[in-house]
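Remember, it's 1-based here, ligands and their atoms both numbered in the order they're listed. Every value quoted in this text rests on a predicted model; they were computed, and no experiment measured them. Worth knowing before you read on, the calculation uses all heavy atoms, side chains too, and leaves out hydrogens, waters and symmetry mates.
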Amino acid sequence: MSTAIEPFDAVDLIRAKRDRRELTSPEIAWLVDAYTRGYVADEQMSAMTMAIFLNGMTRREIRDLTMAMIASGERMDFSGLGKPTSDKHSTGGVGDKITLPLMPLVATFGVAVPQLSGRGLGHTGGTLDKLESIPGWRADLTNDEMFAQLRDVGGVICAAGAGLAPADKKLYALRDITGTVEAIPLIASSIMSKKIAEGTGALVLDVKFGSGAFLQDIERSRELARTMVELGEDAGVATSALITNMNVPLGLTIGNANEVRESVEVLAGGGPADVRELTVELAREMLALAGRPDVDVEAALDDGRAMDTWRRSIVAQGGDPDAALPVAREQHVVTAERDGVLVEQQALPFGIAAWRLGAGRARKQDPVQHAAGIELHAKPGDAVRAGRPLFTLHADEPARFERALAAVEGAWRIGDAGDAIENGGPLIADRIGR
Ligand code: URA
């Protein structure tokens, strides 16, 4: 039996990165391929990801890493659709349901939206978990079904197939258990390998900062955004990024069915101002990058066109857009202790509380409880009255309330009119891109 000769040795490459040497393009291509086929062991890749975490990578190395992860799987091609494609990726946050109204809104203008999404892990919710609270709706589509829906409805939100960037799946699982998730070269290549492989022509990144975000510091979020925009542009995908505030939950709902309800309100021309604002701004970015800069985005929310596309997309995936969404069996209302103004509402504790109520999962295989979550009755800046509801916890099992309440202890504060709002600032802090 003949054994293929490997061109490199993993230990040499680990030592090189440990000693801050730049890896060559063939070295990176080999490393990713050899790891995907199991020749490079998990413990070797763990050492490599830690060396990258500590010593970083150059722009060229990050591009090579991204291209190697794309090459590990299939690359989708929507050029046969005959219309431009545009997609959005959010780095995730508490109450971030924007994909739901955004996809139909953009699709309404003849720009196809191939949104491959994931399920949630930890305190940030997954788009598929939210949509699965709609009776009958199905996330798993074949490539042919996806193509047909993009052609006929104009947009699709579905699960990414196993064939897309399999190297990233393996690497991400390893990073998750080795303390190497938060390395910018690794985050950027992970996100962008999937988005470039997905075949979108344009891409808008919603890179969040603040307590409920993946990266808390705005400067780190800017650096991640710049890195991803460069990767997209280098790969021929028109890419831009908005840097958005995730210190406060987005909108008034957290949890799967609750967030679908709020998304439908936005599609009906209403909904909380911050959810509408971010939906509209991201839609403008997606449309401008796809060559449609001059359309009236808000009108499509107000006159029902985006709602119509939403309903058709839900039906196309087996769902009933008129079906009642699940409602939790138990509620616990928290009231204001005094008259005043809500001056603080921290995203992360509210995200953790929703997770403890059953809205999220601790392990990949856990189910989510679709009706579990939190309804906020006031946002920072709102006047509140003693004894009136501040927020309501929803859960199927009342035993969950105690730990959820512990999570939000000290996470909101009532002050007086004129007091500064904690982590106020604009929702959209910056834009990066051409
Ligand atoms: N999301 C991803 O897909 N990859 C990361 O590394 C981080 C967030």
#### Entry: Neighbouring protein residues of ligand 1 - any heavy atom closer than 4.0 Å
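Within the 4.0 Å shell of ligand 1, which is judged on heavy atoms, sit Y172, R175, I187, S190, I191, K194, F214.
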Can [X] and [Y] be counted as having a side-chain donor-acceptor contact under 3.5 angstrom?
X: S240; Y: E285; value: yes
X: H394; Y: E375; value: yes
X: D77; Y: S79; value: yes
X: T66; Y: S193; value: no
X: D206; Y: T244; value: yes
X: D96; Y: S90; value: yes

